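Below is one structure, written out as structure tokens; the observations come after it.
Since we're looking at a predicted model, the values are computed, not measured. The residues of the chain are indexed from 1 along the displayed sequence. Every number for a ligand or one of its atoms is a count from 1 in the order of the listing.
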Amino acid sequence: MKIAVGADHAGFEYKDSIAQILRDKGHQVLDFGTHDPAPVDYPQYGYAVGEAVASGQADRGILVCGSSLGIAMAANKVPGIRCAPVAEPYSAELARRHNDCNVIAFSERLTGWEMIERMLDVYLDTPFDGGRHEHRIEQLFEFGDKQRERTLKDVEQGAVTDAQTPKDLIPKP
Ligand code: RB5
């Protein structure tokens with residue numbers, strides 16, 4: 001596979017090690033940096049890897065930052081990207097099986113290296129289950145004015161029930 005990788009200054013060491021493992025396994029790696037500990041802004045790396053995957057330049061993406069969170073939020077802004085920040089292999093497996101995750105995000109500050117290696121294998125080797133998950137994946141990219149109207153109507157009509165959602169806080173369309 002062609003795999004895009006990227007990280008900020010808090011994740012580049014894991015990213016470099018991951019890139020090496022990928023090359024050893026025979027994958028083609030597109031490395032968007034960063035390459036040293038000089039502080040950089042994680043959104044730029046999340047966007048770059050996200051765009052590489054969304055455009056088809058890469059088949060999958062792998063991101064690393066201090067927590068895995070910010071860089072995943074950035075990648076998920078790119079249309080077509082389903083990025084999951086994960087910290088253990090079962091989440092990585094479900095991210096592939098149920099969510100057809102095309103970018104994964106790891107934490108260098110919170111997750112041990114052995115766990116990263118396990119998750120990397122799971123991410124690369126687990127297929128998407130398809131079936132009942134297909135239309136849910138499609139719905140992830142339907143967000144817009146129409147989807148907002150639908151959600152507000154569903155909530156008003158009680159189709160989305162949540163005792164914690166005070167009806168008077170829901171904005172009227
Ligand atoms: C950098 O200090 C840190 O904020 C970043 O790597 C990441 O954890 C953000 O979500």
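For the pair Lys25 and Asp125, the salt-bridge criterion is not met [side-chain N within less than 4.0 Å of a carboxylate O]. Taking a cutoff of 4.0 Å between a charged side-chain nitrogen and a carboxylate oxygen, Asp31 and Lys15 qualify as a salt bridge. Remark: Lys2 does not engage Asp59 in a salt bridge, criterion side-chain N to carboxylate O under 4.0 Å.
Among protein heavy atoms, atom 7 (C) of ligand 1 sits closest to Cys65 SG, 3.4 Å. Of the protein's non-hydrogen atoms, Tyr42 CE2, 4.4 Å is the one closest to atom 4 (O) of ligand 1. Of all protein heavy atoms, the one closest to atom 10 (O) of ligand 1 is Gly70 N, 2.9 Å.
Classification of the His98-His133 ring pair by plane angle, with boundaries at 30° and 60°, yields parallel.
Listed by atom number, the atoms of ligand 1 under 4.0 Å from Arg109 heavy atoms are 1 (C), 2 (O), 3 (C). Set against the non-hydrogen atoms of Asp8, the atoms of ligand 1 under 4.0 Å away are 1 (C), 5 (C), 6 (O). Set against the non-hydrogen atoms of Gly66, the atoms of ligand 1 under 4.0 Å away are 5 (C), 6 (O), 7 (C), 8 (O). Counting the atoms of ligand 1 from 1 in the order shown, those under 4.0 Å from a heavy atom of Ala10 are 6 (O).
Residue contacts with ligand 1: His9 is included, with a non-hydrogen atom under 4.0 Å away.
Side-chain N or O atoms of Thr126 include none that pairs as donor or acceptor with a backbone N or O of Tyr123 at under 3.5 Å.
Heavy atoms from both the backbone and the side chain of Ser67 come within less than 4.0 Å of ligand 1.
To the nearest 0.5 angstrom, Ser17 atom OG is 10.0 Å from Ile116 atom CD1.
Side chains of Gln20 and Asp24: a donor-acceptor N/O pair is present below 3.5 angstrom, by distance only.
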